[in-house]
Amino acid sequence: MALEKKYDYLERLIAFAGEIILFSKSFSKDFAGNVLARQIIRSSSSVALNFGETQGTVTTKDYISKASICLKEQKETEVNLRILAYVKMGGEKGTELLDECIELAKICRAIIKNKQKELSNS
């Protein structure tokens, strides 16, 4: 089943982190599964938490800084999903989440780029 697309970026990030948490419950209960579950939960939830912090920034530079952390964590989540695919852990749900992860990173890049333009025009 495909993830429901939301147009509120923060809500999409929250839903994505939630889906990752649910997804991680299917991982093997061995060392690798436990490590990968912890890692991907941390990175995916960090994206949502840091983007939430952008909402309280005072300056455009601070906004860009927080959004850049989001992008870094999103890329980490993407690599984790690619590792999971490589070791054949996660199946179709992993592929679906990887697609959403890539799309969310593209949105974040666009947000950063627009804020950088805004900064250079002021």
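As the structure is a prediction and not an experimental result, all values here were calculated from the model.
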[X] side chain near [Y] side chain, heavy-atom distance below 4.5 Å:
X: L36; Y: I40; answer: no
X: F23; Y: L84; answer: yes
X: Y63; Y: V58; answer: no
X: I20; Y: L81; answer: yes
X: E73; Y: S43; answer: yes

For the [atom1] atom on [X], are there more than 12 heavy atoms of other groups (residues, nucleotides or ligands in this structure) within a distance under 6.0 Å?
X: E92; atom1: CD; answer: no
X: K25; atom1: NZ; answer: no
X: R38; atom1: CZ; answer: no

Spatial distance of atom [atom1] ([X]) from atom [atom2] ([Y]) [nearest 0.5 Å]:
X: R82; Y: N80; atom1: CZ; atom2: CG; answer: 11.5 Å
X: N121; Y: T60; atom1: CG; atom2: OG1; answer: 11.0 Å
X: L13; Y: Q74; atom1: CG; atom2: CD; answer: 6.5 Å
X: I64; Y: I111; atom1: CD1; atom2: CD1; answer: 11.5 Å
X: S44; Y: Q39; atom1: OG; atom2: CD; answer: 10.5 Å
X: S45; Y: L49; atom1: OG; atom2: CG; answer: 5.5 Å

Membership question, hydrophobic clusters at under 4.5 Å side-chain separation (ILVMFWY): are [Y] and [X] in the same one?
X: L71; Y: I14; value: no
X: I107; Y: L10; value: yes
X: L98; Y: V79; value: yes
X: I102; Y: I112; value: no

Inspect the contact between [Y] and [X] and indicate whether a charged nitrogen and a carboxylate oxygen are less than 4.0 angstrom apart.
X: E19; Y: K93; answer: yes
X: E100; Y: R12; answer: yes
X: K115; Y: E118; answer: yes

- For a side-chain contact (heavy atoms from CB on, under 4.5 Å) with F16, tell me which candidate from V47, I21, T77 qualifies.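 By the side-chain contact (heavy atoms from CB on, under 4.5 Å) criterion, F16 pairs with just one of V47, I21, T77: T77.
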- Would a distance-only check, ignoring hydrogens and angles, find a side-chain to backbone donor-acceptor pair under 3.5 Å from Y9 to L104?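 Yes, Y9 side chain to L104 backbone: donor-acceptor pair under 3.5 Å.
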- Item | Test item: S65 side-chain N/O and K61 main-chain N/O as donor-acceptor pair under 3.5 Å |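 A pair under 3.5 Å: no.
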- Passes side chain to side chain contact (heavy atoms under 4.5 Å, CB included), E78 versus C101? Steps please. CA-CA 6 Å; E78 179 185 336; C101 185; 3.8 Å; yes
